[in-house]
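Every chain is numbered from 1, with letters handed out A, B, ... down the list of sequences.
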2 protein chains.
Amino acid sequence: MNHSAHTQELAHSGTAAALVRAALALFTEHGYDGTSVRAITRRAGANLGAITYHFGSKQGLYDAVIAQASGPFREQLSAAADGEGSPLDRLQQVVRAFFGHLYENPDLPRLMMQQLTGSRPIPEVTLRTMQTNIGIIASLIRQGQADGSIRDGDPRFMALSIGSQPIWLTVAQRGLREGVGIDQDDPETRARLVESIVRFVRAGLAAHPERAE
Amino acid sequence: MNHSAHTQELAHSGTAAALVRAALALFTEHGYDGTSVRAITRRAGANLGAITYHFGSKQGLYDAVIAQASGPFREQLSAAADGEGSPLDRLQQVVRAFFGHLYENPDLPRLMMQQLTGSRPIPEVTLRTMQTNIGIIASLIRQGQADGSIRDGDPRFMALSIGSQPIWLTVAQRGLREGVGIDQDDPETRARLVESIVRFVRAGLAAHPERAE
DNA sequence: AGGGATATAATACGAACGTATGAAGGGGGT
DNA sequence: ACCCCCTTCATACGTTCGTATTATATCCCT
C-alpha cells in the first residue's frame, strides 16, 4: 500500500492523478458529502478500491485535491505584486491577477468557500493561502501609505476590502447570471466588470483624487 | 397530511417551527447533504416521520428554511436606503445595515453561499434577494451620479463592489480568525472593520475628494 | 359525548454509503 | 524462468440514509 505523502507528488501511476482530477471536479460541483467514492472512481475510470489504496480514505483524497488546487494561487499573486510601477499601479495588477487566476481556475474559489462555510476544520493550506494573499496586498498598501499615495487606514482591513471583491464575484457567478442578469461568461461583460472593480479599488485607496489613468 | 403552503405560515403546531429552527442551524453548519433528517428531528425533539408529515420531504423542509431566513433581509436593506441625507450618506447607512443584519443572522450568508457554490438550482427567493439588494444599491448610486456626488461608472457593477464586502467578510469569518488573526467576534475589531469598509466604499464612489466626515 | 380530521409515534424497507478483504494481473531484476 | 512488489479488481460488510407504512394519541365541532 502507498498513500503516504501523496499531498506532494502527483504524477503517480496515472490512476492517482485521474482520481485527483475527477475528485476536484466532483467535490467542487457537489461538495464533500455530496460526492461519493463510487462517483469519483467511476469518473476516473478506476476501481472502487482505488481511493483507499492510493489515498487511504476519501478524506485523504480530499486533502490531496485541496493541496494541489491551492498551490499555484499564492505564486501568481506575489508575481504580480513584484511588478513595476507605483504601489497603486501594482495593486491594480494584483487585482487583475486575482481575477485572472480565479477565472481560469473556477474550482478554487468554490472549494475554498465550501471549506469556510462548512464545519470541518479548515485545511492548513487554505489558511496559509488566505494569510499570504492578504499579506501581499496589505504590504503594498503600507508602501503606498509611506510614500503618501494611499490614504490612511488599517492596511489589513483595506486588503480585505480589495480581496473580497474578486472572490465573491467569481463565487457568486451563477447567482449573478441567473438572478441579476450579469453574465461573466461573456468576455466583454467580464472585462468591463474587472475594470470597474479596478477603478473602484484605486479610488477607494488613493490619497488624492486622480486624473485619468 | 399537510405540507402544502408551508413556505409561508410558520407558527404551526410548534413541531413544524421547531423543525425549521433545528434545520436552519444544522443546514448552515453541515450543508444539505451533511445533515440527516434523523439529526434534525432529534434536535427538534420530534419524531422521525415529522419532516415527511409536515413538509413532504427533506427538500421541502429546506425550501421552508430558505424562505424564512431570506425574508427579512430585503426589508431591512430597503429601510436603510429610504433614510435621510445625501445618496452617499444613505449608501453608508446601507453598508452598515448590510453588516448589521449579517452579523445578527450569521446563518444567512452561509446558507446563501452554499446555494451559490452548490449544484442544485438556486432557490427563487435567493435570486430575488440578490436582485433586490443589488438594485437598491445601484439605484442610490444612480441618484448620486445624477447630482454629481458620485463618479461615473456602471451603477450595477459598483453595487457589486459594495455588496461583496459585507458578504464575503461575514462568510469568511472563521477563516479570517484562524488564518489571518482578525477576530470579528471581538466587538471593537468588528466596529473598526465596518468603519474601514464604510470609508473604503465612500472613497471608492465619491466624485470629489472629501474632507473629514 | 362521540366522531372525524389532525398530529405524533414506532418500526420497516430498500438503496447508497465508506471501507475492508482477498484474489488476480503485470512488469522489472536476478 | 522465476519471484516479488506494486497495482487493479470483484465482492462483501456493516452503517446510515430518506421515505413509507401502520398504529395510536389529541383536539375541534355539532
Side-chain angles (χ1 to χ4, degrees), chain A residues 1-27 29-66 114 118-121, chain B residues 1-27 29-66 114 118-121:
Chain A
M1 54 208 70
N2 199 341
H3 64 85
S4 47
H6 275 270
T7 55
Q8 302 286 21
E9 9 154 6
L10 39 96
H12 295 314
S13 53
T15 300
L19 285 173
V20 170
R21 264 198 311 276
L24 172 61
L26 291 173
F27 283 143
E29 190 72 9
H30 304 106
Y32 184 83
D33 293 307
T35 303
S36 69
V37 305
R38 284 171 172 81
I40 298 170
T41 50
R42 193 181 320 125
R43 182 181 178 128
N47 184 267
L48 174 59
I51 290 178
T52 306
Y53 177 74
H54 284 286
F55 300 94
S57 68
K58 180 185 180 184
Q59 180 67 46
L61 171 57
Y62 185 74
D63 294 342
V65 167
I66 297 299
Q114 288 172 10
S119 58
R120 71 190 79 230
Chain B
M1 53 209 70
N2 197 341
H3 63 85
S4 47
H6 272 273
T7 56
Q8 302 286 21
E9 11 153 7
L10 39 95
H12 294 312
S13 52
T15 299
L19 286 173
V20 171
R21 264 197 312 275
L24 171 61
L26 291 173
F27 282 143
E29 192 72 8
H30 305 106
Y32 184 83
D33 292 307
T35 303
S36 69
V37 305
R38 285 172 172 81
I40 298 170
T41 51
R42 194 181 320 127
R43 183 181 177 126
N47 185 267
L48 174 58
I51 289 177
T52 306
Y53 177 75
H54 284 285
F55 301 94
S57 67
K58 180 185 179 183
Q59 180 67 46
L61 171 58
Y62 184 75
D63 294 343
V65 167
I66 296 298
Q114 288 171 10
S119 59
R120 69 190 81 233

Q: Atom CG of A:Leu61 and atom P of C:dT19: how far apart are they, to the nearest Å?
A: 10 Å

Q: Within this structure, what is the NE2-to-P distance between A:His54 and D:dT7, rounded to whole angstrom?
A: 6 Å

Q: Classify the nucleic acid contact of A:Thr35 as base, sugar-phosphate or nothing, counting any heavy atom under 4.0 Å across all strands shown.
A: sugar-phosphate

Q: Return the minimal non-hydrogen interatomic distance between A:Ala16 and A:Phe55, and the atom names on each side.
A: O-CZ, 3.8 Å

Q: Would you mind telling me which of C:dT19, C:dC17, D:dT19 lies closest to the side-chain atoms of A:Ser36?
A: C:dC17

Q: Using whole Å, report how far CZ of B:Arg38 lies from P of C:dA16.
A: 16 Å

Q: Round to a whole Å and report the spacing from CG of B:Asn47 to C1' of D:dA20.
A: 13 Å

Q: Rounded off to whole Å, could you give me the CZ-to-P distance for the B:Phe55 and C:dT8 pair?
A: 11 Å

Q: Pick the nucleotide of DNA chain D nearest each of A:Gly45 and B:Leu48; which residue has the one closer to the 5' end?
A: A:Gly45

Q: Could you state the atom-to-atom distance from CZ of A:Arg42 to P of C:dG18 in whole Å?
A: 11 Å

Q: Check whether any side-chain N or O of B:Tyr32 sits under 3.5 Å from a backbone N or O of B:Gln59 as a donor-acceptor pair, and report yes or no.
A: yes

Q: Measure across A:Gly34 and B:Asp33 and return the closest heavy-atom pair with its distance rounded to 0.1 Å.
A: CA-OD2, 3.5 Å

Q: Roughly, in whole Å, what's the span from CD1 in B:Ile40 to P in C:dT8?
A: 16 Å

Q: Within less than 4.0 Å of OP1 or OP2 of C:dT8, is there a side-chain N or O belonging to B:Thr15?
A: yes

Q: Which atom pair, heavy atoms only, marks the closest approach of B:Lys58 to B:Thr35?
A: NZ-O, 2.7 Å

Q: Round to the nearest Å and state the distance from A:Tyr53 atom OH to C:dA24 atom P.
A: 18 Å

